Amino acid sequence: MQIEIKNQKLNEQKETTRIVFVVAKDFTHSWIEDKDTLSMLDFKAENEECLFVATHNILYVGCESLDADDIRLAAAKAYEYLQKTTLRQACIGTYSLDCPGINIKAMVEGFTLASYTFNAYKSKKEISKFQKIILCLEDYSRSDVSMETANKALNAGTIIAKATNFAKEIVNAIPHDMTPLALANVAQTLSALPNVTCEVMDKDFLEAQGMNAFLAVNRASVHPPKLIHLTYKPEDAKKRIIYVGKGLTYDSGGLSLKPSEHMVTMKADKSGGAAVISILKGAAELKLPFEIHAIIGATENMIGGNAYKPDDVLIAKNGKTIEVRNTDAEGRLVLADCLAYAQEFKPDLLIDMATLTGACVVALGEFTTGVMGHNETLKASFAESCAKSGELSGTLPFNKHLKKLIKSSVADISNISSSRYGGAITAGLFLDHFIEEENKDKWLHLDIAGPAYVEKAWGYNPFGASGAGVRANLYWMIDEAKK
Ligand code: BES
Ligand code: ZN
Ligand code: ZN
């Protein structure tokens, strides 16, 4: 799907279908030509409802407000409607009353996110005829959006949404195909981008580094582990931002085997890894002024005679000993070693992303990312940018009482809490044991277990992977670059 900007009047595109937003259920706006028809057909303009008025070749779409996320939603619904028709293109105005760049960017994101379909495993691929959206700068609102502003917004919106779709494609791939090696190969393709390099480390490296927690999780898998390290290093980078992603290409639970109904969707346990790869891709394409690293611990968590066991004690890379009480709490073991590795590169900011706990989904619901860390300012700035991106986040607070629940009688720390409550936070506090003192205030932990995989479509997220965390972090870095 292509989006083109034209310095032309929307109303002059009579031969092309026009998409018209009905904003705030208000039919009195000057741009609504079919007031009577809409009333007659009882069009309510609710929930991004679509109505096609053939006589004027106009698709009306309900848009709750001109806030960025409402624009994203309406654009996505318009696209969904159009791609089911035989139409090839449509045009739309900019609704640039207040913030031209922001609104155009949001619209582009909505269209591009909606254009993603996952049909790799369908024998008959449905190919939509719909190919092009024309954004007309001269519409009913104001005509002072410059071509330059509009093109910048188009470029940024496209990069951000395509990076999100890139993550979806990785996560949706089945575990048989997207093995740790295959994930590493996807990461390698990004080294074609300017200033991007990719290193992939094998089992020997992990052994030499003493990454025994990561290795233990991999032990019963037929696929060797991979430590993937992508770097984007522009000239005169302002800061070094290091992302660490959980890349469990499959989580069966290990010997603490998951019940079958919980095992389905565990191909999505690589969502943190997919997100950090895609964030780096987006950041490099946006040419953000930061040195960015994406470090992914890629492995499966399987069963077998050589599997690691509840009762084992592991010595992590940083020398801490971990009592294994549940092999299904494997993500934190992989991350523990990857976080220790990441800190050797002296980050200014360190962010880990993981589908870490079911408890986070219980706490915040399936739409929201759990944000944890010690630095209140950092958490607040992330939350602010995250909201602009249209992603939802909620902060989960650490406290000293929860910290005590992961004490172990036989090792330095246990991999599960002794209580059934507060599991998202105790997992975060487990990771805290692997954050060095000097980095405590530089660290953010994002639990994306809820939003990473969509089982019932919501907003502009279709069934399957959502690319959770990609837009939030790209928006956050764009805001950081302005500081
Ligand atoms: N990958 C899961 C967490 C998860 C659950 C992600 C649901 C997405 C949806 C993780 O490895 C896990 O199994 N965690 C356990 C931890 C428990 C054993 C302390 C969990 O959440 O049940
Ligand atoms: Zn698990
Ligand atoms: Zn897991």
Side-chain angles (χ1 to χ4, degrees), residues 171-172 175 178 180 183 213-214 216-221 225 244-275 296-303 307-312 322-338 352-370 372 396 402 405-406 408 413-431 445-456 464-469:
V171 174
N172 281 328
M178 195 54 76
L183 187 62
F214 183 171
V217 173
N218 176 257
R219 224 152 60 198
S221 170
V244 174
K246 171 177 172 181
L248 263 286
T249 60
Y250 202 68
D251 180 13
S252 70
L255 290 180
S256 314
L257 197 63
K258 284 184 185 293
S260 339
E261 63 276 18
H262 288 176
M263 211 183 287
V264 181
T265 73
M266 281 303 137
K267 68 170 185 180
D269 217 19
K270 55 185 178 308
S271 298
I296 302 100
T299 176
E300 287 181 334
N301 183 24
M302 299 300 283
I303 54 169
Y308 82 122
K309 305 170 185 73
D311 281 350
D312 272 341
I322 306 166
E323 179 192 0
V324 177
R325 293 181 70 87
N326 189 317
T327 62
D328 197 13
E330 85 300 336
R332 62 195 77 182
L333 301 175
V334 173
L335 287 179
D337 279 342
C338 290
D352 75 75
M353 299 180 69
T355 45
L356 204 62
T357 63
C360 192
V361 194
V362 175
L364 294 172
E366 64 211 280
F367 312 112
T368 306
T369 293
M372 286 159 257
L396 296 171
L402 286 168
L405 302 178
I406 47 172
S408 162
I413 180 177
S414 162
N415 86 324
I416 55 163
S417 162
S418 56
S419 159
R420 53 197 287 226
Y421 304 115
I425 302 176
T426 48
L429 286 165
F430 177 93
L431 298 180
H445 163 52
L446 306 179
D447 192 332
I448 55 171
Y453 200 79
V454 176
E455 290 191 86
K456 194 168 169 285
S466 70

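In this text, all values refer to a predicted model and were calculated from it rather than measured experimentally. Counting convention: from 1, in listed order, for ligands and their atoms alike.
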Quiz item: What closest approach, in Å, do V454 and S466 show between heavy atoms, and which atom pair accounts for it?
Solution: CG2-CB, 3.9 Å
Exercise. List the steps, then state whether side chain to side chain contact (heavy atoms under 4.5 Å, CB included) holds for M263 with L257.
Key: CA-CA 9 Å; M263 211 183 287; L257 197 63; 3.8 Å; yes
Quiz item: Nearest heavy-atom pair of P175 and Y250: which atoms, and what distance?
Solution: CG-CD1, 3.6 Å
Quiz item: Are S256 and D328 linked by a side-chain donor-acceptor pair shorter than 3.5 Å?
Solution: no
Between the protein and ligand 1, are there any N or O atom pairs that come within less than 3.5 Å of each other, and if so, what are their names and distances?
| residue | atom | partner | partner atom | Å |
| --- | --- | --- | --- | --- |
| ligand 1 | 1 (N) | K246 | NZ | 3.3 |
| ligand 1 | 1 (N) | D251 | OD2 | 3.2 |
| ligand 1 | 1 (N) | D269 | OD1 | 2.8 |
| ligand 1 | 1 (N) | D269 | OD2 | 3.0 |
| ligand 1 | 1 (N) | T355 | O | 3.4 |
| ligand 1 | 11 (O) | K246 | NZ | 3.2 |
| ligand 1 | 11 (O) | D251 | OD2 | 2.9 |
| ligand 1 | 11 (O) | D328 | O | 3.0 |
| ligand 1 | 11 (O) | E330 | OE1 | 2.8 |
| ligand 1 | 11 (O) | E330 | OE2 | 3.1 |
| ligand 1 | 13 (O) | K258 | NZ | 2.8 |
| ligand 1 | 13 (O) | D328 | O | 3.1 |
| ligand 1 | 13 (O) | D328 | OD1 | 2.8 |
| ligand 1 | 13 (O) | D328 | OD2 | 3.0 |
| ligand 1 | 21 (O) | G358 | N | 2.7 |

Quiz item: Of the non-hydrogen atoms in K270 and V171, which two are nearest, and what is the gap between them?
Solution: NZ-O, 2.9 Å
Quiz prompt | For the Zn ion (ligand 3), every protein N/O/S atom that sits closer than 2.8 Å, waters excluded | solution = K246 NZ, D251 OD2, D269 OD2, E330 OE2
Practice problem: Could you tell me whether the side chain of T327 reaches within less than 4.5 Å of the side chain of P310, counting heavy atoms only? | Solution: yes
Quiz item: Counting N and O atoms only, with roles assigned by atom type, does the side chain of D251 sit under 3.5 Å from a partner on the main chain of D269, one being a donor and the other an acceptor?
Solution: no
Quiz item: Measuring from S408:OG to I416:CD1, what's the distance to the nearest 0.5 Å?
Solution: 10.5 Å
Self-check item: CD1 (I413) with more than 12 external heavy atoms under 6.0 Å
Solution: yes
